[in-house]
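In this text, all values refer to a predicted model and were calculated from it rather than measured experimentally. One is the number of the first residue; the rest follow in order along the sequence.
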Amino acid sequence: MKRNLSSSDCVPSPKRPSLLPLPTGKHEVFLSFRGPDVRRTFADCLYKFLDHSKIRTFLDDEELRKGEKIAPSLVEAIHESKVYIPILSQDYASSKWCLEELSLMVKSLNQNQGHILLPIFYFVEPRDVRRQEGSYSEAFRRHSQEYDAETITEWKEALQVVGEMKGWHVTESDGQGDVIEKVFSEVWSHLMANYAIVTDELIGIDSHVKEVLDLLDLDSKGLKVVGIHGIGGIGKTTLSKAVYNEVSSWFDRCCFLEDVRETLLKADGVVTLQNKVISNILRHDNHVKDVSEGIHLIKDKVCKYKVLIVLDDVDRRFEFDKVFGKLQDFSIESRFILTTRDKRVLEFFEECRLFEAKEMSDIDSCQLLRKHAFQMDDPQEGSDTLCEEFVKLAAGLPLALKVIGSLLFRKDIRIWEEKLEELKESPFTGVHEILKISYNDLTPTEKEIFLDIACFFIGETKECPFYMWNECKFYPESGISNLILKSLIKINKRSEFWMHDHIRDLGRAIVYEENIRQPWKRSRIWSNEDALDMLENGKGSAAVQVLRINMEDRGNLELTEKDFNKLSGIRFLDVWGGGLTGDFSKMLPNIQWLQLGSCHSIPTDINLKKLVILSLEHSNVWDYWRGWKRIKESKKLKVVNLRWCDDLVKAPDLSFSGSLEVINLDVCCDMGGELHISNFKKLKLLRLSGSKITELKGDIQMLQDLKEIDASRSKLTKLPTGIGFRIFWSSRTWRCYAFRTVIMGLKFLEI
């Protein structure tokens, strides 16, 4: 690509962009341009390139705006975006809207909040922008007749700042596809640098990171595999995340696969791993359905890139060839990092460079303990000796030190002494015994939440469990906050629960110990083998609260009401595959969350008076299913999920439930007509993606809590009257801002 040689007019893509934290928001990139100049050409191509790579881009078109003032929603989009890309064309300055946007961008930039501005000088000289010469001079001659001197000065100053910045100068001799690819690489490098994988236990880790970097040997050609091995809780994951953050900008594409061992325990585990890699590396949702298709796509598409792939917590179930295909098919500049407790897993690779993760030193252990006990490195007076004692018990395990420190946070020294004696008197001083001290310190309701997460909800979003726990009077807001403070769980950026495998195993061991010999007398049954054995052999007890069953590989197996006769205590039931038949009117009296997925038969008489969440995803329900009448008894219903219910031709009548907050009708491919929403006064989310629903009816202004309507790929064309909104054009979707509501994916609207 040909570029202006002035340092102020061009910029090479840096290897290591600044790590100044970028803002967080709905959009990552704000694209500003004057419509007639580039809308159908350069801007459209750049937007599609970014959008296809799953970079959330706000595409603005000044021609669609009305009125004198810039809309609040547009101001919000500018403030929340991370990267600004103004396409400065010949007539850019002729638009007051473009100048107003540019001024806002420069103001945000000057506030040092981490925004990045990457200008593109499209068939215009940077000096003309900087000095307002050429077509820019003529534009300001016209503006000066209409706007005050203060506004004109503000616009000129913004152009001067941007004109002096490094960017891309596009001329007739340039290949615009090459320019777009370079712009994309620059944007991606900034986003990647600021989307570092979160890890907060970096004490004493620098030397270990350096050793692993030496093993990766980034400057050499030749595919490298590095294995980090060591006992559980020793810090393998933390080290791999630190290395990933350090080197990710060296690679074209990167992917960090967490909990590989746990993923491979699932029936579709291999395909799940493949799809995560494909999605992260190719940056679009091109999901595969089986292993062979995944291997073929990885070889054909993924292997072309210089990639970094981290596989965290692998065991002997993991076989590289069966997940990714041949290692030799990947680029010779690619790198793989594996973490494992079992060193033998790494023997599969002909050449694998090994790093053994070892215990923390006493000095680093004390520092980590103090960090969590005091939220600082300086110890509380009189705590030095106690710190040393706790460090001995933790045996250099970061996880144990973190949990002990969190347990002692803001506690009096006398409590420290008491907890130390409690640990010393335990017959075992392994990590589970250390972690159990924190579990014992929880309230009864916090213990219930903790065990639910450990057995069922790791990797699940928090919203639905919160609904159930609220109904159970478990007080999840304070409970989850305390579990986080005690370092027993985390909630990631996707609002999903995360738990260290040691802590997960502790939770499951606690449930296991409720009754070692008779699983059907435990509070939670997550083992499919135990669940099927209980139901098929007429076992069970009122002690069972939470039950998950997968009958996909059992053909047309059906469970009847007799199978659940002894299970009166169930509050959460998750059945996938098979079916349920019979009269359930007196069964499951305490059910609060009923999840029946891909079931070929669902009972019509079922006791749903306490139901909070109903999910019938991919199941056989139809418009005249008699079960709809029983659902009307559910006065506390918060969530209805009918995704992929292909037999539904019209939306079911849910108007009886004024407490509904989430309705999911995604991919109900034959569901058409209208949907009445007036009664859903507490509705927060409505999903209609892929449906044939054409009209929403009712007074939408009554829905004060409504945040989002997803109508992408739907037939929705008509909204209720009285809706105030602003539409912003993009090449793929319409976005409609109604009060605080975002309506996504509309092709055209009738108001």
Side-chain angles (χ1 to χ4, degrees), residues 1 12-17 53 177-178 181-182 184-186 188-189 191-193 195-197 208-229 236 239-258 260 270 273-284 286 288 291-312 314 318-340 343 345-355:
M1 185 185 84
S13 180
K15 278 288 183 182
R16 289 186 177 278
S53 299
D178 291 337
E181 188 169 352
K182 291 180 184 296
F184 166 78
S185 296
E186 182 78 7
W188 185 256
S189 67
L191 296 180
M192 281 295 293
Y195 287 154
I197 293 180
H208 301 316
V209 171
K210 185 179 184 306
E211 287 185 56
V212 176
L213 290 178
D214 289 341
L215 295 174
L216 286 171
D217 196 8
L218 297 176
D219 292 325
S220 71
K221 301 287 185 181
L223 193 62
K224 301 289 189 306
V225 178
V226 172
I228 301 173
H229 63 94
K236 301 184 297 295
L239 175 58
S240 64
K241 287 180 177 179
V243 173
Y244 181 95
N245 291 342
E246 185 73 18
V247 303
S248 58
S249 61
W250 287 70
F251 296 89
D252 298 331
R253 308 289 165 93
C254 303
C255 179
F256 193 104
L257 296 173
E258 296 183 288
V260 173
V270 172
L273 289 178
Q274 290 177 330
N275 281 324
K276 285 181 178 179
V277 169
I278 291 167
S279 177
N280 278 271
I281 301 300
L282 301 185
R283 300 173 189 155
H284 60 78
N286 189 9
V288 298
V291 175
S292 59
E293 182 186 356
I295 290 175
H296 177 76
L297 187 57
I298 288 170
K299 180 180 179 180
D300 191 43
K301 303 287 187 181
V302 174
C303 290
K304 293 180 178 179
Y305 292 98
K306 174 184 174 182
V307 300
L308 170 66
I309 297 177
V310 178
L311 298 131
D312 184 45
V314 301
F318 174 75
E319 297 181 59
F320 190 96
D321 287 1
K322 293 184 178 179
V323 179
F324 301 119
K326 295 180 180 179
L327 180 63
Q328 292 75 18
D329 290 336
F330 285 84
S331 161
I332 59 172
E333 295 180 298
S334 293
R335 299 291 186 268
F336 290 87
I337 300 173
L338 288 78
T339 74
T340 181
K343 185 178 177 181
V345 173
L346 306 173
E347 294 174 356
F348 165 83
F349 302 95
E350 291 183 8
E351 293 185 18
C352 180
R353 301 180 173 190
L354 303 180
F355 178 87

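Of the possible donor and acceptor atoms, none in the side chain of Lys326 sits under 3.5 Å from a partner among the backbone N and O of Lys299. Using modelled atom types, one side-chain atom of Ser220 and one backbone atom of Asp217 make a donor-acceptor pair closer than 3.5 Å. Checked by atom type and distance alone, the side chain of Arg335 pairs as donor or acceptor with a backbone atom of Leu216 at under 3.5 Å. When atom types are taken as modelled, the side chain of Asn275 and the backbone of Val288 share a donor-acceptor pair closer than 3.5 angstrom. Side-chain atoms of Arg353 do not come within 3.5 Å of backbone N or O of Val226 as any donor-acceptor pair. Looking only at distances, a side-chain donor or acceptor of Ser334 sits under 3.5 Å from a matching main-chain atom of Val307.
Looking at heavy atoms from C-beta onward, Lys322 lies out of side-chain contact with Val270 at the 4.5 angstrom threshold. For the pair Ile295/Phe324, no side-chain contact is recorded, criterion being any heavy-atom separation below 4.5 Å from C-beta on. Looking only at side-chain heavy atoms (C-beta outward), Phe349 and Leu338 come within less than 4.5 Å of each other. For the pair Leu257/Asp312, no side-chain contact is recorded, criterion being any heavy-atom separation below 4.5 Å from C-beta on. Put simply, the side chain of Phe348 does not reach to within 4.5 Å of the side chain of Glu319, judged on heavy atoms. Between Phe318 and Leu311 the shortest side-chain heavy-atom distance falls below 4.5 Å. Taking 4.5 Å as the limit, some side-chain heavy atom of Val247 sits within range of a side-chain heavy atom of Leu213. Side-chain contact between His229 and Thr339: absent, with no pair of heavy atoms (C-beta onward) separated by less than 4.5 Å.
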Please test Gln274 against Ile298 for side-chain contact (heavy atoms from CB on, under 4.5 Å), starting from the C-alpha separation and ending with a verdict. CA-CA 8 Å; Gln274 290 177 330; Ile298 288 170; 4.2 Å; yes
Before giving the answer on ring pair (Phe, Tyr, Trp, His ring centres under 6.0 Å), spell out for Tyr305 and Phe330 the whole-Å C-alpha distance, their side-chain angles and the decisive distance to 0.1 Å. CA-CA 8 Å; Tyr305 292 98; Phe330 285 84; over 10 Å; no
CA sep, side-chain torsions, deciding dist, call: Val310, Val243, side-chain contact (heavy atoms from CB on, under 4.5 Å): CA-CA 10 Å; Val310 178; Val243 173; over 6 Å; no
For Asp219 and Trp250, run side-chain contact (heavy atoms from CB on, under 4.5 Å): C-alpha distance rounded to whole Å, both residues' side-chain angles, the deciding distance at 0.1 Å, then the answer. CA-CA 10 Å; Asp219 292 325; Trp250 287 70; 3.7 Å; yes
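By the 4.0 Å N-to-carboxylate-O rule, Glu258 lies close enough to Lys241 to be salt-bridged with it. Salt-bridge check for Asp214 with Lys210: passed, with a basic side-chain N closer than 4.0 Å to an acidic carboxylate O.
To the nearest 0.5 Å, atom SG of residue Cys352 and atom CZ of residue Phe320 are 11.0 Å apart. The line from CD of Glu351 to CG of Leu327 is 10.0 Å long, rounded to the nearest 0.5 Å. Atom CG of Asp300 is separated from atom NE2 of His296 by 5.0 Å, given to the nearest 0.5 angstrom. Taking NZ from Lys224 and CZ from Phe336, the interatomic distance works out to 13.0 Å, rounded to the nearest 0.5 Å. With rounding to the nearest 0.5 angstrom, the CD1 atom of Ile228 is 9.5 Å from the NZ atom of Lys236. Note that CG of Asp252 and NZ of Lys304 are 13.0 Å apart. Values are rounded to the nearest 0.5 Å.
The two residues Arg253 and Phe184 come nearest to each other via the heavy atoms NH2-CE2, 4.1 Å. Residues Ser248 and Leu308 approach most closely at CA-CD2, 4.4 Å, considering heavy atoms. Contact record, Phe251 with Glu333: CE2-O, 3.5 Å, taken as the closest heavy-atom pair.
Counting non-hydrogen atoms of other residues, nucleotides and ligands closer than 6.0 Å to CD of Glu181 gives a total of 12 or fewer.
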